[in-house]
J.: 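So that we are looking at the same thing, I have put the structure below in structure tokens.
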Amino acid sequence: MKTQHLSASNSKDIEQAKEILASGELVAIPTETVYGLAADASNPEAVKKIFAAKGRPANHPLIVHIGSVEQLTDWATDIPQEAYTIASAYWPGPVTLLLNKAEQATPVVTGGLDTIGIRMPAHDVFASLLSSGMAVAAPSANPYKKLSPTSAEHVMNSLGGKIAAVLEGGDCVHGLESTIIDLTQKPFRVLRTGPVTATQLAETLGEEVLAPKAHAVAVPGNVTSHYQPNTKVRLVDLSDIESANGNNIACLHYSAIEASLGFKSKLMPQDVAQYSHDLYRALDEADKWGCDEIWVERPPVSEEWFAVHDRLNRAQSKL
Ligand code: TXA
Ligand code: MG
């Protein structure tokens, strides 16, 4: 199939993206986290196409994206008050709520689970697409286990020919996927780290919020090996980089290095938000340098860097 390249700055193109979704086809759409591969969440046949295009196992649940808080009850049931507290503090924004699934929500979206992930994305384009009341199921718009795309070009390179359209909407602000918090049992727990930390959520709720278990495989889809470029990724320390001359490696370093390195390298931002924003793009770029390995210097260890460490650990893992 030929993938149409639509522009989010053109209202006709946005209308066309809406029509494509309504007709049961897939459109890659920008969000504030990463590009999502969207299908009408109420159309099981359309949702099945997501799994086919990504090569994703059918039991890996998808996140449903809504345009208004009122839509929560279309998809979830037994919704605790805390869900609304988080929604009013962070929505539209990069927090996904894990709730009990409403009976009418199709099991194709949840991979057969009784729970469902829901979020309201903060992106003008997404907001106008959802204004008609449609909800869309959207995983990150990458082939299974590969890097999540933060630009339309990246989506085109990996899914071009497999989906009806890509809606070009510039670079994603955060660059890392949303934080997922499980609200189905107490104490609440963050299942996937993201732009909003467990400490921030705990402060918002005034109660304990547990951090994710390291590499927990609590549900299908939360696999240890993920977010991978084609080149092998290795996490290293500054001393490894300093003694690596002569190796055919690509290096993403965090520390400023004065000496000239005998291999391709890129200095990553010091600021965590900027680092997150750049990470997938940098890995994608380094992947194209044709090196034997990509070495990534471990960034600082503190809670605000947890999401970055989580994605780097999974990029390195080869299970
Ligand atoms: O920022 C994001 O969340 C992006 C944008 C497009 O919204 N979406 C995203 O979707 O990252 P995806 O499918 O790549 O990752 C969704 C994660 C998976 O790890 C999946 O296991 C988890 O959410 N998930 C979804 N529904 C779940 C459920 N019912 N129970 C447990 N985990 C769930
Ligand atoms: Mg993903």
Side-chain angles (χ1 to χ4, degrees), residues 26-39 41 47 50-51 53-67 75-77 90-102 105-123 125-127 129-130 135-150 154-155 158-159 167 169 172-185 189-196 212-213 215-228 276 280 307 310-311 314-315:
L26 308 182
V27 184
I29 292 172
T31 83
E32 81 282 31
T33 58
V34 298
Y35 272 70
L37 183 57
V47 175
I50 293 178
F51 295 93
K54 281 180 64 97
R56 175 170 170 137
N59 64 346
H60 287 202
L62 305 176
I63 293 172
V64 171
H65 299 71
I66 57 176
W75 299 94
T77 186
Y90 297 101
W91 282 3
V95 179
T96 296
L97 306 179
L98 196 78
L99 298 164
N100 287 316
K101 175 181 114 42
T106 170
V108 177
V109 167
T110 62
L113 295 172
D114 294 333
T115 53
I116 191 163
I118 307 177
R119 83 176 188 102
M120 190 193 299
H123 196 288
V125 174
F126 219 116
L129 283 174
L130 299 182
V136 301
S140 50
N142 51 286
Y144 183 52
K145 293 201 170 188
K146 294 298 180 188
L147 284 176
S148 302
T150 55
H154 190 173
V155 178
S158 60
L159 290 178
L167 188 57
C172 302
V173 177
H174 292 299
L176 291 185
E177 301 82 352
S178 62
T179 302
I180 303 179
I181 179 168
D182 181 356
L183 299 181
T184 63
Q185 52 189 322
R189 180 185 288 278
V190 167
L191 296 183
R192 179 175 71 184
T193 50
V196 176
K213 295 181 187 132
H215 280 203
V217 187
V219 292
N222 186 7
V223 287
T224 52
S225 146
H226 207 149
Y227 312 112
Q228 298 192 338
S276 307
Y280 291 149
D310 172 64
R311 305 315 190 269
R314 292 173 202 248

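None of these values were measured; they are calculated from a predicted model. Ligands are counted one by one from 1 in listed order, and the atoms in each one are counted from 1 as well.
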J.: Ring centres of Phe126 and His65 under 6.0 Å apart?
T.: yes
J.: I'd like the name of whichever of Leu191, Leu176, Leu98 reaches closest to atom 28 (C) of ligand 1 through any heavy atom.
T.: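 The option holding the nearest heavy atom is Leu98.
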J.: Side chain, backbone, both or neither: which applies to His123 and ligand 1 if a contact is any heavy-atom pair less than 4.0 Å apart?
T.: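 It is neither; nothing of His123 touches ligand 1.
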J.: When the ring planes of Tyr280 and Tyr227 are compared, do they come out parallel, tilted or perpendicular, using 30° and 60° as the limits?
T.: parallel
J.: Which atoms of ligand 1 are found less than 4.0 Å from any heavy atom of Arg56?
T.: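 That gives atoms 12 (P), 13 (O), 14 (O) of ligand 1.
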J.: Is there any N or O on Thr115 that sits under 3.5 Å from an N or O of ligand 1?
T.: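 Min N/O separation from ligand 1 is below 3.5 Å for Thr115.
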J.: Quick check on Pro121 - does any of its heavy atoms sit under 4.0 Å from an atom of ligand 1?
T.: no
J.: Of the listed options (Pro61, Gly194, Cys172), which comes nearest to atom 24 (N) of ligand 1 when hydrogens are ignored and any heavy atom counts?
T.: Pro61
J.: Looking only at heavy atoms, is any part of Thr110 under 4.0 Å from ligand 1, and if so is it the side chain, the backbone, or both, or is it neither?
T.: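 Neither part.
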J.: Is there a polar contact between ligand 1 and Lys54, counting only N or O atoms under 3.5 Å apart?
T.: no
J.: Out of curiosity, is His174 lining ligand 1, as in a heavy atom under 4.0 Å away?
T.: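 Not so, His174 does not reach ligand 1.
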J.: Give the numbers and elements of all ligand 1 atoms closer than 4.0 Å to a heavy atom of Ala138.
T.: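 Selected atoms, number and element: 6 (C), 8 (N), 10 (O).
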J.: Can you tell whether the side chains of Glu32 and Arg119 come within less than 4.0 Å, N to carboxylate O?
T.: yes
J.: Is the shortest N/O to N/O distance between Thr31 and ligand 1 below 3.5 Å?
T.: no
J.: Heavy atom of Lys101 under 4.0 Å from ligand 1?
T.: no
J.: Measure the distances from the heavy atoms of Ile63 to every atom of ligand 1 and state whether one is below 4.0 angstrom.
T.: yes
J.: Kindly confirm whether the Mg ion (ligand 2) is within less than 2.8 Å of some N/O/S atom in Tyr227?
T.: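 No, since none of the N, O or S atoms of Tyr227 sits under 2.8 Å from the Mg ion (ligand 2).
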J.: Is there a polar contact between ligand 1 and Glu177, counting only N or O atoms under 3.5 Å apart?
T.: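 No - when backbone and side-chain N and O of Glu177 are compared with those of ligand 1, no distance drops under 3.5 Å.
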